Each structure stands twice: as structure tokens, then as C-alpha cells.
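As a basis for the values below, the full set of heavy atoms in this structure was taken, side chains included, without hydrogen atoms, waters or symmetry mates. As the structure is a prediction and not an experimental result, all values here were calculated from the model. Proteins get letters first, then strands, A, B, ... in listed order; numbering begins at 1 in each.
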Amino acid sequence: MLEKNYDFATAEPRIAKLWDEADAFAAGSGAKPDADPFTIVIPPPNVTGSLHMGHALNNTLQDIMVRFERMRGKNVLWQPGMDHAGIATQMVVERQLAEKGQHRRELGREKFVEKIWEWKEQSGGVIFNQLKRLGASCDWSRERFTMDEGLSKAVLEVFVSLYKEGLIYRGKRLVNWDPKFETAISDLEVENTEVDGHMWHFKYPLADGKTYEYVEKDADGKVTLRETRDYISIATTRPETMLGDGAVAVHPDDERYASIVGELCEIPVGPKEHRRLIPIITDDYPDPDFGSGAVKITGAHDFNDYMVAKRNNIPCYRLMDIKAAMRDDGAPYAENAAQAMAIIKSGQLPDENTVDAINLVPDEYRGLDRFEARNRIVADINADGLAVTIKDDEGNEVPFVENKKIMQPFGDRSHVVIEPMLTDQWFADAETLAKPAIASVREGRTNFVPKTWENTYFHWMENIQPWCISRQLWWGHRIPAWYGPDGTTFVEKSEGDAQGAAERYYGKSVELTRDPDVLDTWFSSALWPFSTLGWPDKTKELDTYYQTDVLVTGLDIIFFWVARMMMMGLHFMKDADGNPVEPFHTVYVHALVRDKHGAKMSKSKGNVIDPLELMDEYGTDALRFTLAIMAAQGRDVKLDTARIAGYRNFGTKLWNATRFAEMNGVVRGTGFDPESAKLTVNRWILTELSRAVDDITFAIEKFRFNDAASSAYRFVWNQTCDWYLELLKPIFSGEDEAAKKEAQACAGYVLDQTYKLLHPFMPFMTEELWADTIEGERPSLLCHADWPEAVFFDREANDEINWLISLVSEIRSVRAEMNIKPGLKLPMVVIGASEQTVARLATHDAAIKTLARIETIDVGAEVPKASAQLVLGETTIYLPLEGLIDLGAEVARLGKEQGALDKEIKQLSGKLANERFVANAPAEVVQENRDRLANAEAKRHKITAALERMG
RNA sequence: GGGCGUAUAGCUCAGCGGGAGAGCGCCUCGUUGACAUCGAGGAGGUCACAAGUUCAAUCCUUGUUACGCCCACCA
């Protein structure tokens, strides 16, 4: 016998062990012979990660599909694994070192990386156990790690091939620099946030005291300002970058400055005797209507300026070090400034490295933090009288500083301000790699669900920038590039190969230095769908399970991961004919999980809901079911724990339904043949079951998990529990042994099928029920049982039971409205019943009496005087209530019903009187409206008669 | 600035070119041997606003308003 309550806390680990011992989720486990494969690769969680709501949703949805397909007999592989998560992991171990007062540099690279591996072995991957608790049916024996030997081999293969194809290159470029982690990051890892900032306005004096006439005009060309100036006005939000200015740019059509283009002006900062001069140039970039229309060009610290500088051969002077402090290297400022002046004079731009060696930070600012330097520079310029001024409220001239919202870039992990920095980095030619990936979606070989995400995908892919793949970290795949004594680069799969290549190049053996950088973590993640299957080796797994089927992900990593997997997959994976093969045919993008008010969960807001706590409180199945039923496409999931409690109750309901069955001798595993069912109530529930099977199957196939869960919920609670089991009660307590036997077999069958239908959503409880409801053993675990198929649709049984349900519901409704005591059994008189109704009343006599609390049923007897009356089809039913009933209340009740019918009749007849409706609407719609009108009129007629009878 | 999305019951959300739905909450009643993590009944909505298309619009189109998200180099 089942316990009175389901104890998920003990059941879940027990069931998990059962699956584990049976190897139930090994690739292909439970598959039919020659079954089609079904593959999902898990989005690899970070090795540092622990389960959050996003994971819970993501993996619940994958598990639903995987369990569903496994039960359908497919050859299923759900490939698990973890990501080495470069920055995140290095950060964790660095923090541990810091606690002991150590820094990784003291330890050295090799030792530090060893420490990380140690950490990984001891504390990494806790998320796997959490995923197992969630019920994730991955093939855990195939666990992979992006830093594994095998996957590292794939990384090498890809890097070297792309390099040799010219799709990976190295160069000095302006990149996003994270001063906290001291590494370049990709533009995706930068979050632009609006912050309060200032815009300062400064005067750049013209060289040699030159002046010009500055004229401003309004839209009509009327002069609004005319004055003689000896400076050009520049606005900036980042005064510290002025030190590295290479030019001032104005728009070529800007008449205000036309007369001074080509002149030199002076950067108003630094020691007076060495103030640098820079040229005034023209470029299309400055917007004449913004600010003064003149822009200072600091090529090494701003992405726009960088492009202007490149176009105009303006030198890019780097001002900061890797910590984003002002440079403190090289010769004193005076020498460097002189060198910069020499460049201006000569008009010859030296090579990048020469320019990069020039440190234009004045001695007094060297080594300062960039923000401190900013304050000092502003103060110095103000003191010098070179700020543009305006009059304040009291009429004093004060420096012109605007308070302004500015977009500032922050590192998504470090949360410090990102600095555009000119450094040597490795890049992948994303534009070339993106082309086939764009075409694949365009041509429908890869499909996004919901489709609307394709727009986002196209927008990004079509504007893709070179992907900076090098990171100045120690944890990760080290870039397989070696440099010869003269800087020649050798990219090979091993140091030996590089040595060989170098020897051939130089004609002798030389000492090589390896590039210290590692690859962006997403570089290895991009190979996940094939590297986990053994590529570059030709493995059986690769052959069987690639292409994978569905990639399930949150929208936040479409760019980071999905797009890059598509680029890499299409580039490296080919079919027998050499055609590219997509890594997956479908990308299912699920929503973000938010708190119940719709706010993004974050630690700082303190609104994070921990899925592990929810599993502790409500059980895993309740959490999973909730996530599934709320996962409507294209919408965020707002999670309210009240919902989880509700779906835990749903589980309890199923548990109790099973207990009811047990108490009434319901038998399982008998090989019950649905076709043999004779009782209407059985044929009805089998019809409803068939409908549920079709609905749920279709919904999961279409990724409509919320529809699937809703269908299951309705079938179990509103059909099986509310009506089917209730209707069986009189049979179980009755005398008809044949009927009882059929009911016991059918109910057993229905419950067994129900467990199967619910298993993808609630795997633990259903597996438990599957095992506990049979003497001996089931032929297989539920997770390997055959997915149900529809048996039949019996229209007549359906009509009959729906009639019965209406009858009982209406009687209950009248009783409640008339305040009849629940325990009181009433007689019932039926007038105007058809032959069919009479037969139905006989069939369901016991059910009606039990469920509607009816004492006797008299067909065609004399109409009782004081009765409540209800109309059901052609029949009028009287509940004699002499002495019990408030006649006024009954008249009011009938009147209300009549009013509702009047309204409906008016609406319908109006519609049908409209010739254009009758002429244009489909015949079936017209007919349907006619039927409804006829029904309403018939019913109204009877209600009217009933009212008349009330006097 | 561009793109996308959302506005339906008190709350959280489904739905859909032809009769407004669910869960929770609320009200009334109920300890009938599966279940109070329950049962029965009930109240509650101009489907954001405006115009258009259509025989017919909550649904399609356009506009408006509000909110949310993503992308973006205005110094």
C-alpha cells in the first residue's frame, strides 16, 4: 500500500539511485532497434557555477524533450559537460590566494594553473549534483570538460586550421580592456550603462597666437554670434585622454572652422614649455550640430577616434598601463613630447610600435589612477584659464561643465570601467565565418523557436565585428603560437611542430617563445556540439549523434554561444558529400526567469530565488512542473512560489488518486485492451485519455511545454479525478461484478498511461508510482516505458458523459443557490425526457443519486407544485422543494437565467438577420449560429413555462 | 537613435477572425472512507486607447499611450 503522503525528500534520492544503477540514461538506453537518434548537448555550465533559476528552467525543458524522446524509443543522447570559464575560475582561485596574502604572479604561471586544477578537482562542478537532483537525464558517463585533453585537441585543430586559412590573425587593435582582470575582453562582455557624468568644455589655443573670426548662424542663416577667437572649443567627458590627442577634427562642411583647417592648435595641459601642438583636420565623423562641432581625436582611447585616426594617419598615443593607471614608463615627458612634435613636423607616421613607445603623460601625472588624473587635469586647466566659461546666476564667469548622462562601458564580470586600449591581440574573422551561419537560418536549415529571435540573430550577425579571441589570462587554452628571435610567428599544433617549422624557415634551430595568451572561453564552447562527440577523431558517436537536434538556451547567450557554434560547426563539419552540416536544426530560446514582480533576479536586489531551496520545500517535480507550465513561448517567466505550491498539490492529487485506486482493487499491468471496454464511463475516459495523449505529444513536439503541462493537468485533475473516479465509486460499491472488474482494469490502465504522460514533467513521483503500484516488477522502468498512443475517440460515450456531467453540475448549482443542506437527499422528477435520456437516466441512476444527492428519480410523474426547475436539452427537471424553498428566490433565479437567454437570442437573431453575414460567412458558421439560436429559444421557452408555473 | 516584445479577472498568465479562459486570491457552504496539499457552488473583465480592413475584430493593419528588453561610436 502507498503511504498516505508522498515523501519526496526520501523518494527522490531513491529514484535517482534506481536510474543510476540501471544506467538508464546512457546513450541509446531504452532505444528501439534501429531507432533514429535524438541529441541534445547541454549548455555547459561554468565549472564555478551553481544551479540558479535559469539553469533550472533550461535543463527542465531539455529533460522534458529527452525523456519524451527516450520513451518514444529514439536513440537518445543528452551530452553533459562543463565549461572551464576562464575569467570566472581564475577569479575564484585568485581570491583564495589573496586570502593567504598571495598573488598569482608570485606563484608563477605553472603553479597557478596547477592550483586551479586542484580547485577544480575538489570544489568544481557542484552544479552536476544539482542537475542530477533536478532529474536531468544526461548520460553522465560521457561528462566532458572544455579543458579535457580531447576537447583541447579540437581547439588546437580549429585554431591552427583557421590560422592557416587566414581566418585568424594577430594585430595591434583597439580593444576593450578590463583593468581589473588585466585582459582584453570581447565587445559582448562589455555592458554599457548610463551613469551621471560631466562634459567639460576647454579651449585649445591656436598656435602662434593666431586668431580667426568665429561666426554662428541660425537655421535661417542669420548671424547670431560673431567674435574673434584665438582658440577652438572642444568638449570632452574624459579630459584625461586629452594627453593623447593626435588632432582636432571638424566636419568638412563646417564653415565656422573652415579658415583654420590645417592650422595647429595646442593641447591645454601639461608643462607650458612643452605643450604639444596638433593639427586641425576635417573628417565626416564630427556632427556640426553637436557641441562646438569640433572633436579631439584620441586614437588610442576611443573607438570612434581610432577610426578617424586610421583614416587620417593620426598617431594613436597610448596613455595607460594594464591597470588603467597613467603610464609611468619610458623617458621623461619632455623627450616624448618632443618626439611627438617631430612627427607632426615631419608629417611621417612611424610604425605602430614606435608610436606606442611614446609616453605622453606629463611627469606630474605619471602613475596616477585614471580618475585621479582626470580631476587633476581639470583643476589644472581651470587654473590656467583655459576652460570655456559661462556666467553663473550671480554673473561670475565660471568653467562650463555640463552634467550629463553618459553611457559608460563596464566589464560584465569585473564591473569596472572598461578602457579602450591599443594592444596586440588575436582576432577571428567573424564576418567570413558568419556568412554560412546567416544563410543557414535564412534558408531554414536552422530554425529559431520562437521565430522572432531570428531578427535579433540576423541583426547581430550582419553587423558582426572581428572577434577578439585572445585573453591575457593564465587559465584557458594557450594560444599555439610561437615567435622566433625576429618575431616571426609559427602557429602549429605542438611546440615540436613549431620548432620544425622554424628550423625550415631559418635554416637552423632557434629558440622560440610561446605566446603567453589564452583563448576566449567561448572559443572552445563554440566547438561543443562536435568536440564532445570526439572530433577531430572520426568516432562512432560523432557519426551517430551529429547533427544534434535541439539547442535549448536563454536569450542571453545567443551571440556568445549559439552564433559561434553555428560558425564553427558549419566551417568544420561536413557530410559525406562535403556539404556543411549545422550543429543543430532547432534553437529553442526560452525566457528569462524573473521574480514574481517581473524584476530580474540579482544578488544585489536580494530577490534571487534558489531552486535548491524550492526543491527542498516543494519537491523537484513541483518545481519542474511549474517551470514547464509557465514556459510559454516569447514571454518571461515570472515565478511566484504560490504557483509551485499549487503544482505540488497537483502531485498530491495524483498520489491520492492512486491510493483511491489501490483501495478499490484497481489492478495494473494486466494487458487491458481498451477496445474491450463496454462501460460508457470507461469508453469516455479512454476517449479523453486519447485526446490528452494527442495534445501532449503534439505540444512537446512543437516546444509548447506550457500547453503540454496544461493538458496533463486538466486531464488528471478535471477529468480523471473530478469525474472519472467519482463515477466509478457507485460501480465499486455496487453489485455488478463484471462492471467492477472492467472498471478496475480500465482505471489501472488509465493511471498507468497517466504516469507516462506526466513522466517528462514529474519524473520522480511518476517513477515511484510506477514501481509501487504493481505486485512484483514492471517490465521496464517508467523512463523506458513506451510513450502512449491514442486508442479511440468514442463520440457517443463522450456525449453521454458530458450530458451526465451537465446534469449533475446543474443540480449542484441549483442546490447551492437555493441553500439546500448538502446532506439532504432530494427527489427528482423528469418531464419531457426523450427515449435516449430515459435510457441514460437508467444507466447512470446510481451515479446521479450519489453525485447530485438525489433520493429518487421519477420519469414522467406528475409535476410537483413548489419545485426548483432546470432545463437540460429537451428535458425539464424538477426538484420538489415544498417547505424548503424560498419561491421568490427561485423566481429570481429563473428570471436571471431568462435574461441571459434573451440577450443571447437577441445577439444571435440579429446576426442571422444580417443578409451579408448569411451570404458571406462559411456555411458551418451560419449553421452553428442557427443551432445555438434554436437551442436558446427552446430553453427560453421552457424557462418561461417554468416561471409561469411558479405563478 | 535603431530593433524587438508586452498591455485580457484583484494577482500571475494562457488563448484566439465567428459563443471571454486557467491557476492563485476572494465570498458562501462542506470533516459523505482517495485527497482540507481537499470537495461543491459563486462573484469578478468596454480583452490599454483611437481609427481602419471584414459579413464578423480581444485576435489582422495603422496610429497613440504605458511598460520591458536587446543593440548602438554623438565628443
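- The side chain to side chain contact (heavy atoms under 4.5 Å, CB included) test applied to A:E402 returns A:M199, A:H201, A:F400, not counting sequence neighbours.
- Counting only Watson-Crick or G-U wobble pairs whose defining distances are both under 3.5 Å, the stems of 3 or more consecutive pairs in RNA chain B are B:1-7 with B:65-71, B:10-13 with B:21-24, B:26-30 with B:38-42, B:48-52 with B:60-64.
- Applying the side chain to side chain contact (heavy atoms under 4.5 Å, CB included) criterion to A:D772, with sequence neighbours excluded, gives A:L2, A:E768.
- Residues passing the salt bridge (charged side-chain N to carboxylate O under 4.0 Å, His left out) test with A:K906: none are found, sequence neighbours excluded.
- Minimum atom distance to the side chain of A:F559 is reached by B:C71, of the listed B:C71, B:A75, B:U12.
- Shown here are the salt bridge (charged side-chain N to carboxylate O under 4.0 Å, His left out) partners of A:K740, two or more places apart in sequence or in another chain: A:E737.
- Checked against the 6.0 Å centroid criterion, the rings of A:Y204 and A:Y231 do not qualify as a close aromatic pair.
- Comparing atom distances between the A:D707 side chain and each of B:U12, B:A75, B:A14 picks out B:A14 as nearest.
- Within 4.0 Å of A:M307, counting heavy atoms only, lies no atom of the nucleic acid at all.
- For A:D284, the side chain to side chain contact (heavy atoms under 4.5 Å, CB included) criterion is met by A:H251, A:P252, not counting sequence neighbours.
- In terms of the salt bridge (charged side-chain N to carboxylate O under 4.0 Å, His left out) criterion, A:E810 has no residue partners (sequence neighbours excluded).
- Each of A:P286 and A:L188 lies near RNA chain B, and the nucleotide nearest A:L188 is the one positioned closer to the 5' end.
- Taking the side chain of A:N192 as heavy atoms from C-beta on, and the options B:C73, B:A75, B:C71, the nearest nucleotide is B:C73.
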Detail all sub-3.5 Å separations between protein N/O atoms and N/O atoms belonging to nucleotides 16-20 of chain B.
{"residue": "B:G19", "atom": "OP1", "partner": "A:R932", "partner atom": "NH1", "Å": "3.2"}
{"residue": "B:G19", "atom": "OP1", "partner": "A:R932", "partner atom": "NH2", "Å": "3.4"}
{"residue": "B:G19", "atom": "N3", "partner": "A:R932", "partner atom": "NE", "Å": "3.4"}

When you check every protein heavy atom under 4.0 Å of nucleotides 32-44 of chain B, what one-letter string (B, S, -) results, 5' to 3'? B-BBSBSSSSS--
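- Here A:E240 pairs with A:R238, A:R374 under the salt bridge (charged side-chain N to carboxylate O under 4.0 Å, His left out) rule; sequence neighbours left out.
- Within 4.0 Å (heavy atoms only), A:F303 reaches no atom of the nucleic acid at all.
- A distance below 6.0 Å separates the ring centres of A:F448 and A:Y457.
- Pairs passing the salt bridge (charged side-chain N to carboxylate O under 4.0 Å, His left out) check and including a residue from residues 641-664 of chain A, sequence neighbours excluded, do not occur.
- Residues passing the side chain to side chain contact (heavy atoms under 4.5 Å, CB included) test with A:E194 are A:K405, A:M407, sequence neighbours excluded.
- Using a cut-off of 4.0 Å between Lys/Arg side-chain N and Asp/Glu carboxylate O, A:E897 and A:K939 are scored as salt-bridged.
- Comparing B:A9 with B:C47, their P atoms sit 10 Å apart, to the nearest whole Å.
- Across all strands, A:G910 comes closer than 4.0 Å to no nucleic acid atom at all (heavy-atom distances).
- Using C1' as the reference atom, B:G44 and B:C59 are 23 Å apart when rounded to the nearest Å.
- Between B:A75, B:G23, B:A72, one nucleotide has an atom nearer to the side chain of A:T236 than all others, and that is B:A75.
- Separating the P atom of B:U12 from that of B:A75 is a span of 37 Å, rounded to the nearest Å.
- Counting any heavy atom pair closer than 4.0 Å across all strands shown, A:N914 reaches sugar-phosphate atoms only and no base atom.
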